[in-house]
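What follows is a set of notes on a single structure, which appears directly below.
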Amino acid sequence: MTQPSIKHALSVTRESDFAAWYQEVIAEAEMAEESGVRGCMVIKPWGYGIWERIQQIMDGRIKEAGVQNCYFPLFIPLSYFAKEAEHVEGFAKEMAVVTHHRLVSDGKGGLVPDPEARLEEPLVVRPTSETVIGAAMARWIQSWRDLPLLTNQWANVVRWEMRTRMFLRTSEFLWQEGHTAHADRSDAMAETLRALEMYRSFSEDVLAMPVIAGEKPENERFPGAVATYSIEAMMQDGKALQAGTSHYLGTAFAEAAGIRYQDREGQQTLCHTTSWGVSTRMIGGVIMTHGDDDGLRVPPAIAPHQIVILPMLREDDGDAALLAYCETLRAELAQQSALGERVRVLLDKRPGKATQKRWGWVKKGVPLILEIGGRDAAGEQVSALRRDRLWRADGKVNFVGQSRGDFVAGAADALEDVQRSLHAEATARRDAQIERGVSTLDGLADYFAEGNRYPGWVELGWSRPTGAALEAVVAKLKALKLTIRNTPMDAPAPGGTCPFTGEPAVETIYVARSY
RNA sequence: CGGGGAGUGGCGCAGCCCGGUAGCGCGUCUGCUUUGGGAGCAGAGGGUCGCAGGUUCGAAUCCUGUCUCCCCGACCA
């Protein structure tokens, strides 16, 4: 572990209390705060800035795939929602419902819903938009020429969760939801898998968060889906986080909403639909993948500021020259390109000592921090700190001095190296925590023996039971607080026997504790 | 939703048992001195004690209700 001489920026370490550490990162990095509304959070500029970066890059990739953005209503008529039975069953327990459209005084200084203003048909606040979008698709699609219909929306959704955690599970959250309609199963399945691959590569390349893409077991499917796929990331405490999902919905939603097209033979045919989404939960994944005992570390690709310049102001006559030097440096850096975009650099001119302001940026996780003093300005130098290499072995903050020209010329490489390093570090940790030597139920229990930190995931072969046989397996795992995460897409067929059924193993799964 | 814990200046906490007009540390502000690596000294500002009722001459403190947060569980695309 860390040297005892290091005075970390946070008061709680990951080792001592991972849940408390997670909350401290969010508070100290000023990402989000409580709102006073149960399960809902205020996303502050630094947290929202990260979300905007995710949105911008993801939106570009969605559009590259030929998907068009739309916007559908927040409110869904109850009758729409009621049409698909499994869907209803899945979400009914967590719906916010609008029943009135006016308030009146209660005579005691308060307000109550006006009994005279009850809605004839209640509206539900969308927990997801399959039903409203399905209704629109039914209007928009007539002929095979209208297919495929590829839509996406960026929106908020509400699910009345029993237990919430900032970013990971909030009652209201922000996401994108793609909804597509296709002529047949193979086209819809191709789209489902395209979205999954989009999420996998986004997670790896942009979030620097290694994930395993695969199919969810039957018991974990989206309500109403024929097949559900996910990307699963391993957090630093060894638990799994489902960071994105993609569903092949078959014709169930098409049937419920009447999404039909006239095929080339003139027959009315049901469409095959898909839906897929990622949410603000990804930010929670970034925190628990890259955070350390000094706060967040933001991958440069999604950092609102990639480089922050802190002038060491002395409130004397030298400040003007120092600021001019820093402004030159800022302008030079802003001309550079890294990770395919212009470098985002902030000159932090707020009053206060650079040494003091530094820790705020360290906790926010800015990839590169520059502290520039009068001597640097005079000698055309910079002092640079890489957030992912914060400490020297002697416990001192790891500033590296170099010429301004060298730093500017190397800035893009440095940012790209931070991006790579974060990914490499997370991948190495993840790989070291995947256990492949467990082949029995007892072995699973031993591997996941009690403790605050979980050892990781177990990869094993199983017989892919269904129905009641699967339920029996799920119950056994539940007793160990374990879940089946997914079946990886490109896994070779495993050998041996299934630890749950004793039958020959036919596919690989990951078993883990999860968020 | 069940069990447990907690809400007191921006943040972290004490005070509550045993009612008597709210305190500490950090941060903030002012001044002076320092200052190339998380500054020192002095002073100052800042709180409807989550909210609503109740008991009482008097409530942060006792009682009832309620809201929010955290942990465990159940639930969870």
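Below, read A as the first sequence line, B as the second, and so on, with proteins coming before strands; counting in each chain starts at 1.
Across the strands present, B:rG31 finds its partner in B:rC41; the criterion is a Watson-Crick or G-U wobble pair with both atom distances under 3.5 angstrom. When both pairing distances are held under 3.5 Å, B:rG2 makes a Watson-Crick or G-U pair with B:rC72. Both distances falling under 3.5 Å, in either a Watson-Crick or a G-U wobble arrangement, place B:rC51 opposite B:rG65. Pair assignment for B:rG23: B:rC13, on the basis of Watson-Crick or G-U wobble contacts that are both within less than 3.5 Å. Base pairing analysis places B:rC18 opposite nothing; no Watson-Crick or G-U wobble pair with both distances below 3.5 Å involves it. Pair assignment for B:rG36: none, as no Watson-Crick or G-U wobble contacts are both less than 3.5 Å.
Distance noted for atom P between B:rA59 and B:rU28: 37 Å (whole Å). A gap of 23 Å separates the C1' atoms of B:rC13 and B:rC67, to the nearest Å. For B:rG25 and B:rA14, the C1' atoms lie 11 Å apart once the distance is rounded to whole Å.
Atom pair A:Lys478:NZ and B:rA74:C1' shows a separation of 7 Å (rounding to whole Å applied). Summarising the geometry, the separation between CZ on A:Phe173 and P on B:rC76 is reported as 15 Å, rounded to the nearest angstrom. If you measure from atom CZ of A:Arg163 to atom C1' of B:rC76, you get 12 Å, rounded to the nearest angstrom. Taking atom CG of A:Asp316 as the reference point, atom P of B:rG36 lies 12 Å away to the nearest angstrom. Nucleotide B:rC13 holds its P atom 10 Å from the CD atom of A:Glu24, rounded to whole Å. Atom P of nucleotide B:rC76 and atom CD of A:Glu89 are separated by 10 Å, given to the nearest angstrom. Across the protein-nucleic acid pair, A:Arg169 atom CZ and B:rA74 atom P stand 13 Å apart, rounded to whole Å. Residue A:Arg165 contributes atom CZ, which lies 14 Å from atom C1' of B:rC75 at whole-angstrom precision.
Across all strands, A:Ala27 comes closer than 4.0 Å to no nucleic acid atom at all (heavy-atom distances). Contact annotation for A:Gly224: no contact, since no heavy-atom pair falls under 4.0 Å across all strands. Among the atoms of the strands shown, base atoms are found under 4.0 Å from some heavy atom of A:Glu371. Within 4.0 Å of A:Tyr229, counting heavy atoms only, lies no atom of the nucleic acid at all. Nucleic acid contact for A:Trp391: base, since at least one base atom lies under 4.0 Å from a heavy atom of the residue.
Comparing B:rG36, B:rC70, B:rA74 by their closest approach to the side chain of A:Arg314 singles out B:rG36.
Under the side chain to side chain donor-acceptor pair (under 3.5 Å) criterion, A:Arg297 pairs with A:Glu425, not counting sequence neighbours. Considering only residues two or more places apart in sequence or on other chains, A:Asp294 meets the side chain to side chain donor-acceptor pair (under 3.5 Å) condition with A:His8, A:Trp391. When the salt bridge (charged side-chain N to carboxylate O under 4.0 Å, His left out) test is applied to A:Arg330, the partners found at least two apart in sequence or on another chain are A:Glu327.
If you find the closest nucleotide of RNA chain B to A:Arg375 and to A:Tyr515, the one lying nearer the 5' end belongs to A:Arg375. Mapping A:Gln242 and A:Met166 onto RNA chain B via the closest heavy atom, the residue that lands nearer the 5' end is A:Met166.
Considering only side-chain N and O atoms, A:Lys481 lies nowhere under 4.0 angstrom from the phosphate OP1 or OP2 of B:rC72.
Heavy atoms only, all atoms of each residue included: A:Cys271 and A:Thr251 are closest at O-CG2, 3.4 Å.
Using a 4.0 Å cutoff on non-hydrogen atoms, the parts of residues 29-39 of chain A near RNA chain B are A:Glu34, A:Gly36, A:Val37, A:Arg38, A:Gly39, ordered by number. The stretch residues 352-369 of chain A comes close to RNA chain B through A:Lys353, A:Thr355, A:Arg358, A:Trp359, each having a heavy atom under 4.0 Å from the strand.
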Donor-acceptor list for residues 89-99 of chain A side chains, cut-off 3.5 Å, not counting sequence neighbours:
none

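Surrounding CH2 of A:Trp160 are at most 12 heavy atoms belonging to other residues, nucleotides or ligands under 6.0 Å away.
The existence of a salt bridge linking A:Glu371 and A:Lys357 is excluded, since no basic side-chain nitrogen approaches an acidic carboxylate oxygen closer than 4.0 Å. A:Arg200 has a carboxylate O that lies under 4.0 Å from a charged side-chain N of A:Glu197, or vice versa, which qualifies the two as a salt bridge. Checked for salt-bridge contact, A:Glu30 and A:Lys363 miss the test: no charged N lies under 4.0 Å from a carboxylate O. We find that A:Arg404 and A:Asp376 are not joined by a salt bridge, their nearest charged nitrogen and carboxylate oxygen being 4.0 Å or further apart.
Between the side chain of A:Ser11 and the base of B:rG12 there is no donor-acceptor pair of N/O atoms closer than 3.5 Å.
Between A:His247 and A:Phe222, the angle of the ring planes stays under 30°, which puts this pair in the parallel group of the 30/60° scheme.
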